[in-house]
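Values below: all heavy atoms of this structure, side chains included; hydrogens, waters and symmetry mates excluded. In what follows, chains carry the letters A, B, and so on, assigned in the order in which the sequence lines appear, proteins first and then strands, with residues in each chain numbered from 1.
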Amino acid sequence: MQKVFVAADNIVSPLGNTTLQNYEQVLLGNSGISLHDNAAYAAAPFYAAMLAPGQLASYTGSNNLNDYTKFERLLIASVSAALPQTDIPLQSNRTGLIVSTTKGNIELLEQGEAAGSAAPVAHMQLGYSARRVAAFFGITNEPVVVSSACISGLVAILTAKRLISAGVYDHVIVTGADVLTRFVLSGFQSFQAVSAAPCRPFDAARNGVTLGEGAATVILTTSEALSKDFVLGTGAVSNDANHISGPSRTGEELAAAMKLALEGSGISPEKLGFVSAHGTATLYNDEMEAKALHHAGLANIPVNSLKGYYGHTLGAAGLIEAIVSMKALKEGVILPTKNYETSGVSMPVKISNAIASTQARHFLKTVSGFGGCNAAMVFSLIS
Amino acid sequence: MSNSAYITGTCIIRENKIFLNDKLVWEGEGPGLQELLRAAYDHFSGQYPKFHKMDPLSKLGWLAAEVLLKDSPVLQLPKEAVGMVLSNRSASLDTDFRYYATVKDIASPALFVYTLPNIVMGEICIRHGFKGENTFFVSEQFDAALLTTYAAQLLAETPLQACLVAWVEVLEHRYEVAMALVERSGTQPLTAAALNFLYNKKI
């Protein structure tokens, strides 16, 4: 099968606007999460990982992006930072753009309400934003948008790999972003799913998600000459077929995706340095993941969740977490799960809570989301 | 890649009519989408109370799958061997607007959960127990090439033996569904031209 390599990557988040800055902040144990008291988002103070005022503008620098929404500027900032790391043709029918997001320009709904005049519906269409971002970079191919809830970021990488395998593209820019909005915050609050303190994945005291915002990009290529450190393994998607807003009771469906990813990649569990889990810190999600890790034979493999550093960045989460994990594995590091102290899941799993070292060449990234969807994918250092 | 994906059934819902494999199987008396959904549900199912909690996007996709898969051998396949690739233009905006209208007062969790376009896939999976691959694409126009390529790739490299491939779009009073059942064997090859023909068919 056609090998697909990672040629470049970037993260734009409260922790920085390069992969290295982000990794260094995570390694120091710093988090983008802080307490916010802003009536535009919620009546009461809330914890979230949000870009500081002016932070995104400082990232986009000399580019005049006044005509773009915050969502589009996040994508542009991230892709702009990734492109100079490699050399792929943008105006080529062999180069694709895949955008991952859950809510795109939904901020316009709120801004329209505040301004007393509704934004055009067309500007809230995800395809509209994707086309604008493609045009900004002169990408000639029709962009593809993946919107599969919280698994979108990882599924976007998997989609790129499959479209390359199918012979559609030689190079794909995969980028994803979501903006923290009143829309999303109020929704998670309506579910009683937002933690009153910074989220604590897999911990006994966990009581919900902390939301975040950000963008991330990976540039994928078939060209070994352009490859940096990683080659994509197999990925898989499954559905719980159980409940639209609650995870599987058994974790068997996420486990099935994990097993397909490992078997397809020819990797036995002990070859994994770690599993980068979804770990949202809701009671039910983390419990389901612990069961899935067991079913997939991964109970003894170190597991981390990066939500304590970034919050849940929705459509960007799979991308951000895969990129930080790639950097960590390259450095031989297993990152700790910030805010985790005591196991709060019924199956014993090996939650990483201190920096550890690994010689392993592979890690597994997993995500799960509303609609009962799960995805898992292996990332391997090029030998 | 060898062509091992075939269209084995189709369902279109548009302009108050439902077509199964090109045959008109239901015509609503109108006037709107809600009336069509309710009447067609009563006719084709009537046995699934969860339907009434769904948003219009989920109802539309669910209904098309219901019509297309009735008595289908696909229902006997291993649950991991059935998946779907769905797409539309407006994601979940139709419900997003309705949800956001509740935020000023008491935000509605029952609406919020439908503010993601992939929920329709979750509803179809719950109905039939399908546990295979599922992905939702959003595009400004019906992208037959993407749907064809991606579905064929799924049948070629994953355990999927059957895949629902569909455009399920709703925004306020405008709606349309074009759904194809795709399998590894059959007589009509899955091609972009075939999907475009299905989508553009005059009814």
**Asked** Side chain, backbone, both or neither: which part of A:Glu253 has a heavy atom under 4.5 Å from chain B?
**Response** side chain
**Residue part contacting chain A, namely of B:Ser90, when any heavy atom lies under 4.5 Å** = both
**Message:** If you compare all heavy atoms of B:Glu133 against all heavy atoms of A:Ala236, which two are closest, and at what distance to 0.1 Å?
**Reply:** OE2-CA, 3.4 Å
**Message:** Less than 4.5 Å to any heavy atom of chain B: does that hold for the side chain of A:Ile244, its backbone, both, or neither?
**Reply:** both
**Request:** Please look at B:Leu154 and chain A and tell me whether the side chain, the backbone, both or neither of the residue comes under 4.5 angstrom of a heavy atom of that chain.
**Result:** side chain
**Request:** Specify the closest pair of heavy atoms between A:Asn242 and B:Ile126, including all atoms of both residues, with the distance to one decimal.
**Result:** N-CG1, 3.7 Å
**Asked** Side chain, backbone, both or neither: which part of A:Asp240 has a heavy atom under 4.5 Å from chain B?
**Response** backbone
**Prompt:** chain A heavy atoms under 4.5 Å from B:Ser108: which part of the residue, side chain, backbone, both or neither?
**Reply:** backbone
**Region of A:Val146 in contact with chain B, defined by heavy-atom distances below 4.5 Å** = both
**Prompt:** Out of A:Arg182, A:Glu142, A:His243, A:Gln189, which one racks up the most heavy-atom pairs below 4.5 Å with chain B?
**Reply:** A:Arg182
**Message:** How long is the straight-line distance from OH of B:Tyr100 back to OG1 of A:Thr181, given to the nearest 0.5 Å?
**Reply:** 8.0 Å
**Item:** Gap between atom CZ of B:Phe137 and atom OG of A:Ser148 - 0.5 Å precision
**Value:** 8.0 Å
**Request:** Using atom types as modelled and distance alone, determine if a side-chain donor or acceptor of A:Asn239 lies under 3.5 Å from a backbone N or O of B:Gly83.
**Result:** no
**Message:** Could you walk me through whether A:Gln125 and B:Arg89 satisfy the side-chain contact (heavy atoms from CB on, under 4.5 Å) test, starting with their C-alpha distance in whole Å, then the side-chain angles of each, then the deciding distance to 0.1 Å, before giving a yes or no?
**Reply:** CA-CA 7 Å; A:Gln125 307 274 18; B:Arg89 178 185 302 116; 4.1 Å; yes
**Prompt:** CG of B:Leu111 to OG of A:Ser190: how many Å apart, nearest 0.5 Å?
**Reply:** 9.0 Å
**Asked** Given a strict heavy-atom distance threshold of 4.5 Å, which part of B:Leu171 is in contact with chain A: side chain, backbone, both, or neither?
**Response** side chain
**Message:** Quick check: closest heavy atoms across B:Phe112 and A:Phe188, and the distance to 0.1 Å?
**Reply:** CE2-N, 3.8 Å
**Prompt:** Stepwise, does the salt bridge (charged side-chain N to carboxylate O under 4.0 Å, His left out) test hold for B:Lys131 with A:Glu252?
**Reply:** CA-CA 10 Å; B:Lys131 295 189 172 182; A:Glu252 278 166 11; 5.2 Å; no
**Message:** Need one label for A:Thr159: side chain, backbone, both or neither, based on atoms under 4.5 Å from any heavy atom in chain B.
**Reply:** both
**Request:** Would you mind checking which part of B:Phe130 comes under 4.5 Å of any heavy atom in chain A, side chain (CB onward), backbone (N, CA, C, O), both or neither?
**Result:** backbone
**Item:** Most chain B-contacting option - heavy-atom pairs closer than 4.5 Å, from A:Ser238, A:Gly372, A:Ala43
**Value:** A:Ser238
**Contacting moiety of A:Ile106, where chain B heavy atoms sit under 4.5 Å** = side chain
**Asked** What residue, out of A:Thr234, A:Leu109, A:Val155, has the most heavy-atom pairs lying under 4.5 Å from chain B?
**Response** A:Leu109
**Prompt:** Nearest 0.5 Å, what's the OG1-CG distance between B:Thr158 and A:Leu260?
**Reply:** 8.0 Å
**Item:** Heavy-atom closest contact (A:Leu126 atom, B:Ala91 atom, distance)
**Value:** CD1-CB, 4.1 Å
**Residue part contacting chain A, namely of B:Glu157, when any heavy atom lies under 4.5 Å** = side chain
**Fill in**
If one checks every heavy atom of B:Lys79 against chain A at 4.5 Å, the contacting part turns out to be neither
**Message:** Out of A:Ser147, A:Ala130, A:Ala122, A:Ser245, return the one with the most heavy atom pairs under 4.5 angstrom to chain B.
**Reply:** A:Ser147
**Request:** Determine the minimum heavy-atom distance between B:Phe97 and A:Met124, stating which atoms define it.
**Result:** CE2-SD, 3.9 Å
**Request:** Pick one of side chain, backbone, both or neither for A:Val99, based on which atoms fall under 4.5 Å of a heavy atom in chain B.
**Result:** neither
**Prompt:** What distance separates A:Cys373 SG from B:Ile119 CD1, expressed to the nearest 0.5 Å?
**Reply:** 7.5 Å
**Fill in**
Tightest non-hydrogen contact, residues A:Ala241 and B:Cys125, listed as CB-O, 3.4 Å
**Request:** Specify which of B:Ala110, B:Ala145, B:Gly122 makes the most heavy-atom pairs with chain A at under 4.5 Å.
**Result:** B:Gly122
